[in-house]
A.B. asks: 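After the structure tokens below, expect a handful of questions from me.
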Amino acid sequence: MSNPVVRTRVAPSPTGDPHVGTAYVALFNYCFAKKHGGQFILRIEDTDTARSNPQSEAAIMNSLRWLGLTWDEGPEIGGPHGPYRQSERGAIYREHADRLLRDGNAFRCFCTSERLDEMRIQQRAAGRNAGYDGLCLRLPETEVQARLVAGEPYVVRLKVPDHGTCVVKDLLRGDIEIGWDLVDMQILLKQDGMPTYHLANVVDDHLMEITHILRGEEWINSAPKHQLLYQYFGWQMPALCHLPLLRNPDKSKLSKRKNPTSIWFYKRMGYLPEALLNYLGRMAWSMPDDSEKFSLAKMVEHFSLERISLGGPVFDLQKLQWLNGRWIREDLDEKALADRVREWALNENYLMKLVPLVQKRLAVLSDLGPLTAPFFSGLLEITADQLLQGKLDADTVAIALEVTLARMEVAEWTKSGIEAMFRDIATKMEIKLRDLLPPFYVAINGQPASAPLFDSMEILGRDLCRARLRHAITQLGEPKSDDNKRRLNELLGRQEKSGEEE
RNA sequence: GUCCCCGUCGUCUAGCCCGGCCUAGGACAUCGCCCUUUCACGGCGGUAACGCGGGUUCAAAUCCCGCCGGGGACGCCA
């Protein structure tokens, strides 16, 4: 096979905020493709119909563009291998699933989620690996046809060799061996007719002529399934390269629970896109001369996979801040900086959101400064004392902050949605709304008397509010008494629904 | 629990592939000093790491094995 054009992709799923991890993976894919004179593709993996939404898709595209990562083919600009939105490629996946079925490489499964749940519980209890037990694999063809005719819902599962070892090649780690007995008979087509990641990703990467897959380390264990699919289809598999995962300070996989992960948070805080991108490029990768500050173009110029280090890098806000400062000092003249500030928040659009909130509170125009300072700030300097100025005791405030932090993930981010959230929390905690709110004025706006809370939160955005709430919690600490700890868990338990991102 | 991946200062990393130049280099953070009307910037200096144990070798951060530690995966999520 002669050297084909290098084609890489980033394939985010549009559920929730645009994640820095997505940008990190996109950056490496972009650099690799460009370094080799190839193309970089954006594909939207929205096969999870319940969680995918167009707002999130738009946010992902806008945030990548904001960072300066542009793609050669994608949902809105099209390309020769479109559509680039998986929800629009349903027929293609069904065709391929049929082909697997026909060739005897996949089978229909009629098991209910309930049965599967029970099966998993039993497997865990018995200390066995969880995985489909193959019940429907053994169904006689006549019964399959009968149930099909009867209109019974089913999924399509992958047939997996029952013995032997799968060897997956990773560009960074060499050969990785995984026993086939540990590979699950993965669902390829869901009951709703949509493919799972595993099928869609293989079919699309092939059809879109992707040559190299740079993706998170979390995918290593499903690589055998993908390799098997390529084999069943008789396709050549793209080269695999698993990138180390970005980490929280405690080394766990970066999550919004412990760290700001939304790209919008960084934008809102006033980080420069080139600095954030530069920092992401310093995660697990280094310039040949070890220099710290470099542009995207320079990174492309010097990019090579060998310079990736495998240890999972901790995303360190302090170092990002230092780097951002360098970009501000060294790469922007005064005029350019002024323009950036205007672009960031000193613009008509943003000002017009603030004016209605403060007009009644202004005696002279110069009152504007202190009143709106929270809208031009990142984290605020607040103390535990300030948070406790209201009627509630420390434990109750701590509980309220924690509960709100959890609830705000699922709340609709509008003034009325935020209000509804607080009213509901007040009810559940059996506190009057006016008693619940004072600590939140402090946490969000830095002082007990300020612009209206719900409006402020809407304008500030979910990301900054999350960060300020988390900051307030740090100042205050956890609830002290065991009783209150239990109460918190109880309140949290009710809404411990929000799945982690990505 | 099972499997997989990873393991250099607190953090990001250079060095590792092709053993000696490593009494392990740089950066962030931290501490001290200098510059300075303050702060910041800048300059100078300090503290601080090859996880442990075995091999191989004249020589190991670099190669091999074991242990330990961390992480990830085990979804009709991606």
Side-chain angles (χ1 to χ4, degrees), chain A residues 11-16 19 21-22 44-52 86 109-113 116-117 120 123-132 153-157 165-166 168 170 172-174 176-184 186-201 215-225 242-254 279-293 306-323 325-326 328-330 499-502:
Chain A
S13 77
T15 56
H19 200 279
T22 304
I44 298 294
E45 308 234 326
D46 55 352
T47 53
D48 184 345
T49 44
R51 293 205 299 151
S52 298
Q86 291 187 328
C109 171
F110 298 91
C111 292
T112 62
S113 315
L116 296 173
D117 287 345
R120 283 188 198 108
Q123 286 170 333
R124 296 237 170 174
R128 284 292 341 136
N129 308 317
Y132 184 60
Y154 66 91
V155 301
V156 175
R157 282 182 187 274
T165 304
C166 176
V168 176
D170 180 283
L172 261 20
R173 302 153 219 266
I176 298 171
E177 299 189 7
I178 297 174
W180 282 119
D181 56 325
L182 295 159
V183 179
D184 197 11
Q186 184 62 50
I187 291 182
L188 300 175
L189 216 55
K190 307 181 228 179
Q191 221 173 76
D192 66 2
M194 276 292 197
T196 56
Y197 170 85
H198 306 281
L199 208 218
N201 134 283
R215 64 189 352 173
E217 203 176 8
E218 59 207 304
W219 292 108
I220 289 180
N221 285 290
S222 21
K225 296 168 197 169
H242 292 96
L243 268 15
L245 261 20
L246 261 25
R247 314 289 189 96
N248 294 312
D250 68 1
K251 299 277 191 180
S252 58
K253 171 171 152 180
L254 192 68
Y279 184 68
L280 255 13
R282 294 272 312 135
M283 300 276 82
W285 190 79
S286 61
M287 217 51 165
D289 67 355
D290 213 19
S291 56
E292 305 255 23
K293 180 161 155 270
E306 294 101 80
R307 299 206 59 81
I308 294 176
S309 62
L310 274 327
V314 172
F315 194 92
D316 181 14
L317 281 164
Q318 264 183 323
K319 187 139 186 184
L320 169 59
Q321 208 151 73
W322 163 79
L323 192 58
R326 276 193 63 180
I328 289 178
R329 268 173 257 131
E330 299 170 13
E500 194 47 84
E501 66 273 83
E502 244 213 324

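Protein chains get the first letters and strands the later ones, always in sequence-line order, with residue 1 at the start of each.
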A.B. asks: Pick the nucleotide of RNA chain B nearest each of A:Tyr279 and A:Leu245; which residue has the one closer to the 5' end?
C.D. replies: A:Tyr279
A.B. asks: Less than 3.5 Å between a donor and an acceptor, one on the side chain of A:Lys319 and one on the base of B:rA27, is that the case here?
C.D. replies: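 Present.
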A.B. asks: Strictly below 4.0 Å: does A:Ser222 bring a side-chain N or O up to OP1 or OP2 of B:rC74?
C.D. replies: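 Looking at the OP1 and OP2 atoms of B:rC74, neither is under 4.0 Å from any side-chain N or O of A:Ser222.
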A.B. asks: Is A:Lys251 close enough to B:rU11 that one of its side-chain N or O atoms is under 4.0 Å from OP1 or OP2 there?
C.D. replies: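 Checking B:rU11 against A:Lys251, a side-chain N or O does come within under 4.0 Å of OP1 or OP2.
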A.B. asks: Check every strand shown and say whether A:Thr47 touches a base, only sugar-phosphate, or nothing at a heavy-atom separation below 4.0 Å.
C.D. replies: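 Sugar-phosphate only.
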A.B. asks: Please determine whether a side-chain nitrogen or oxygen atom of A:Arg329 lies at a distance below 4.0 Å from atom OP1 or OP2 of B:rG42.
C.D. replies: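 Yes, because at least one side-chain N or O of A:Arg329 sits under 4.0 Å from OP1 or OP2 of B:rG42.
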A.B. asks: Could you tell me whether A:Ala284 contacts a base, only the sugar-phosphate backbone, or nothing, with contacts defined as non-hydrogen atoms closer than 4.0 Å?
C.D. replies: sugar-phosphate
A.B. asks: I'd like to know if the side chain of A:Ser252 pairs up with that of A:Asn248 as donor and acceptor (distance under 3.5 Å, no hydrogens or angles considered).
C.D. replies: yes
A.B. asks: Ignoring hydrogens and geometry beyond distance, is the side chain of A:Asp184 in donor-acceptor contact with the base of B:rG75 at under 3.5 Å?
C.D. replies: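 By the distance-only test, no, there is no pair.
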A.B. asks: May I ask you to evaluate whether A:Lys253 reaches the phosphate of B:rA73, defined as a side-chain N or O under 4.0 Å from OP1 or OP2?
C.D. replies: yes
A.B. asks: Quick one: label A:Val155 by what it contacts on the DNA or RNA (base, sugar-phosphate, nothing), any heavy atom closer than 4.0 Å.
C.D. replies: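 Base contact - A:Val155 has a heavy atom under 4.0 Å of at least one base atom.
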A.B. asks: Look through every strand shown and name the nucleotide pairing with B:rC18 as Watson-Crick or G-U wobble, where both distances are under 3.5 Å.
C.D. replies: none
A.B. asks: If you look at every strand shown and take non-hydrogen atoms under 4.0 Å, does A:Gln318 touch a base, only sugar-phosphate, or nothing?
C.D. replies: sugar-phosphate
A.B. asks: Which sits closer to the 5' end of RNA chain B, A:Leu310 or A:Ser286, going by the nucleotide each is nearest to?
C.D. replies: A:Leu310
A.B. asks: Heavy atoms only, 4.0 Å cut-off, all strands: where does A:Gln321 land among base, sugar-phosphate and nothing?
C.D. replies: nothing
A.B. asks: Identify, with sequence neighbours excluded, every residue that meets side-chain hydrogen bond (donor to acceptor under 3.5 Å, both in side chains) alongside A:Asp184.
C.D. replies: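 Testing A:Asp184 for side-chain hydrogen bond (donor to acceptor under 3.5 Å, both in side chains), a comparison that skips the adjacent residues, returns none.
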A.B. asks: For the side chain of A:Glu292, starting at C-beta, report the closest nucleotide among B:rC77, B:rA27, B:rC4.
C.D. replies: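 Between B:rC77, B:rA27, B:rC4, the one nearest the side chain of A:Glu292 would be B:rA27.
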A.B. asks: If you only use heavy atoms from C-beta on, which nucleotide in B:rA78, B:rA29, B:rC12 is closest to the side chain of A:Pro313?
C.D. replies: B:rC12
A.B. asks: Below 4.0 angstrom from OP1 or OP2 of B:rG71, is there any side-chain N or O of A:Arg247?
C.D. replies: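 So the side-chain polar atoms of A:Arg247 never come under 4.0 Å of the phosphate oxygens OP1 or OP2 of B:rG71.
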A.B. asks: If only side-chain N and O atoms of A:Arg282 are considered, is one of them under 4.0 Å from the OP1 or OP2 phosphate oxygen of B:rG26?
C.D. replies: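 Checking B:rG26 against A:Arg282, no side-chain N or O comes under 4.0 Å of OP1 or OP2.
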A.B. asks: For B:rA40, take OP1 and OP2 only and decide whether either is under 4.0 Å from a side-chain N or O of A:Arg326.
C.D. replies: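 Negative; the distance criterion is not met.
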